[in-house]
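I have placed the structure first, in the form of structure tokens, so that the comments after it can refer back to it.
Each chain gets a letter, A, B and so on, in the order the sequences are listed, and its residues count up from 1. Remember, it's a predicted structure, so these values are computed and weren't measured experimentally.
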There are 2 protein chains.
Amino acid sequence: MKKKIPDKTVQRLSVYYRCLYFLSQQGTGEISSKSLADLLEMKPDQVRKDLSYFGKFGKRGSGYYVPDLVQQIAKILGLEHGRKVAVVGMGNLGTALAAYKGFEVLGFNVVATFDVSPQKIGKKIRGVMCYGMKDLNKVIKEKNIEMALLTVPPEVVQEVTSAIVAAGIKAILNFSSVTLNVPKGVKASDVDLASELKSLSYFMTTSNR
Amino acid sequence: MKKKIPDKTVQRLSVYYRCLYFLSQQGTGEISSKSLADLLEMKPDQVRKDLSYFGKFGKRGSGYYVPDLVQQIAKILGLEHGRKVAVVGMGNLGTALAAYKGFEVLGFNVVATFDVSPQKIGKKIRGVMCYGMKDLNKVIKEKNIEMALLTVPPEVVQEVTSAIVAAGIKAILNFSSVTLNVPKGVKASDVDLASELKSLSYFMTTSNR
DNA sequence: CACACTTTGTGAAATAATTCACAAGGTGTC
DNA sequence: GACACCTTGTGAATTATTTCACAAAGTGTG
Ligand SMILES: NC(=O)c1ccc[n+]([C@@H]2O[C@H](COP(=O)([O-])OP(=O)(O)OC[C@H]3O[C@@H](n4cnc5c(N)ncnc54)[C@H](O)[C@@H]3O)[C@@H](O)[C@H]2O)c1
Ligand SMILES: NC(=O)c1ccc[n+]([C@@H]2O[C@H](COP(=O)([O-])OP(=O)(O)OC[C@H]3O[C@@H](n4cnc5c(N)ncnc54)[C@H](O)[C@@H]3O)[C@@H](O)[C@H]2O)c1
């Protein structure tokens, strides 16, 4: 029964979640794959196919019951119980991320931040303490932190990665443009803004939609 | 002769560029698709196939001459002459982006920032002035700005998008999790950190590499 | 309850992307 | 210059993803 689920499907699941969460807040009861697809500018077939990888959540004739579907997707994505997140590297970007309120509603709670600079250590952002790197192990284990947003300078990325993996971090969102080397069992993913800009630039020069 | 070039290929081109640029700085002369692929943890076939969409840049027996290839890719991506960029919405994230030095070396120059808040207007970050939204048209036209990093609150994203498109912006990198509505001829692309986190969370629960 | 309409879930078909495999060149050594 | 060894560029094969198309079910109206 183990059919492999495309990465693309998982990514789209995140998008569905955002939209459905919003709809559930609005009090929407049921929605058809058609309406959801319209909202997201995609095809209904795609929506149904994606959901069908994980089960049968809909009802023929009427569609999907939004509150239930939100729950189901949250479960699939592992968002039901909230995930504890650390920000490592409290520079410009790290500070912005730590200050951002938008992650919380999705169940991602920044519960600690880390830096090497004595100027940063001991400061609080939104009530969250900035620890020194020597407390990495202790704090990550104590607070049971699973994910890290990695915003340190490129030169130290690999070294810091090793340290946080050793401390028990299981997933890393990496903002430097350095390819991360992580052991099996740890998932890393890159946010490469420079590459995004370059792609945009390409499409500007060719100007095909 | 118009074979369609996959989006994925363009994205990877950005990655090759970053790596090759770095290598050229190091003084590397030639590199084989194999070595480049190893560096990026991918297959040589993929590298060659991607490059072959745009021309024949290599030499059999020895590989690609790095300085030339960097040039060629820069040209393909439209990076030769530099692109002027504006940051719109100088909150936490916008400020971090405007302060970032890493875009410049790639030919992306932040030459203006915008906000509505009187507290932000008139301030300078890295020597770049923050203008009010009423100056949008004037400044974008005067400075010939083509791209925008959009970091305003979700509620006003669509409204602000319309304004900057009207002012002449041709490409937008959108950081809100709101799907942008842009006219044909304008390219928009989303950086959705929340979705990235959700995907990571999924892979953590299933823990398949 | 019959019938006209919706909508899901899913194999099968169509498209798209990646990987293979190899001919055609190039390099270097003796 | 002959031989052993690399490396590119690219059709063809393979694999992945999307789209199609339709049976099976649910809704609602009179
Ligand atoms: N700021 C941006 O908009 C932006 C955009 C794209 C990519 N990035 C990338 O994100 C990363 C951070 O960017 P930034 O602009 O916030 O840089 P920054 O210099 O403002 O912040 C880096 C922080 O990391 C801390 N640090 C340094 N060494 C450390 C270590 N060994 N352990 C823990 N902390 C350490 C520093 O004290 C500093 O606070 C960089 O890799 C950069 O390339 C940033
Ligand atoms: N900060 C983050 O780490 C983060 C992460 C993910 C997504 N985002 C998204 O990025 C956007 C910005 O986030 P932020 O944390 O920087 O928010 P912020 O509130 O700190 O900044 C928003 C800025 O936009 C300005 N603004 C408001 N209305 C405007 C208008 N009509 N025209 C021009 N400027 C206007 C505000 O004055 C403010 O300076 C949001 O859409 C947010 O959802 C932020």
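- Contact between the side-chain N/O atoms of Tyr65(B) and the OP1/OP2 oxygens of dT7(D) is not found at any separation under 4.0 Å.
- Enclosure of atom CZ in Phe54(A) by more than 12 non-hydrogen atoms of other residues, nucleotides or ligands within 6.0 angstrom is indicated.
- Summarising the geometry, the separation between NZ on Lys4(A) and P on dT14(D) is reported as 17 Å, rounded to the nearest angstrom.
- Of the candidates dT10(C), dA17(C), dT8(D), the closest approach to any side-chain atom of Ser33(B) belongs to dT8(D).
- Using a 4.0 Å cut-off between a side-chain N of Lys or Arg and a carboxylate O of Asp or Glu, Arg83(B) and Glu146(B) qualify as a salt bridge.
- The interatomic distance linking Leu51(B) (CG) with dT8(D) (P) rounds to 9 Å, in whole Å.
- Side-chain atoms of Thr151(B) come within 3.5 Å of backbone N or O of Gly89(B) as a donor-acceptor pair.
- Across all strands shown, Lys34(A) has no heavy atoms under 4.0 Å from either base or sugar-phosphate atoms.
- Side-chain atoms of Arg60(B) lie closest to dA24(C) of the nucleotides dG9(C), dT18(C), dA24(C).
- No side-chain heavy atom of Ile76(A) sits under 4.5 Å from any side-chain heavy atom of Tyr17(A).
- You'll find that the side chain of Lys8(B) is closest to dA17(C), out of dA17(C), dT19(D), dG9(D).
- The separation between Ile31(A) atom CD1 and dT6(C) atom P is 17 Å, rounded to whole Å.
- Between the CD atom of Gln46(A) and the P atom of dT8(C) there is a distance of 14 Å, given to the nearest Å.
- Atom CD in Glu41(A) sits about 17 Å away from atom P in dT18(D), given to the nearest Å.
- Closest to the side chain of Ser52(A), from the set dT7(C), dT10(D), dT10(C), is dT10(C).
- If you take CG on Asp135(A) and NZ on Lys141(A), they are separated by 13.0 Å, rounding to the nearest 0.5 Å.
- In this structure, the CD1 atom of Ile5(B) is 18 Å from the C1' atom of dT15(C), given to the nearest Å.
- Closest to the Lys49(B) side chain, of the nucleotides dG9(C), dG26(C), dG11(D), is dG11(D).
- The residue among Pro44(B) and Lys43(A) whose nearest nucleotide of DNA chain D is located toward the 5' end is Pro44(B).
- dT6(C) atom P lies 14 Å from atom CZ of Arg48(A), rounded to whole Å.
- Heavy-atom nearest nucleotides on DNA chain C were determined for Asp45(A) and for Ser62(A), and the one closer to the 5' end corresponds to Ser62(A).
- In this structure, the CD atom of Gln11(A) is 13 Å from the C1' atom of dT17(D), given to the nearest Å.
- In this structure, Lys59(B) reaches the dT27(C) phosphate: one of its side-chain N or O atoms is under 4.0 Å from OP1 or OP2.
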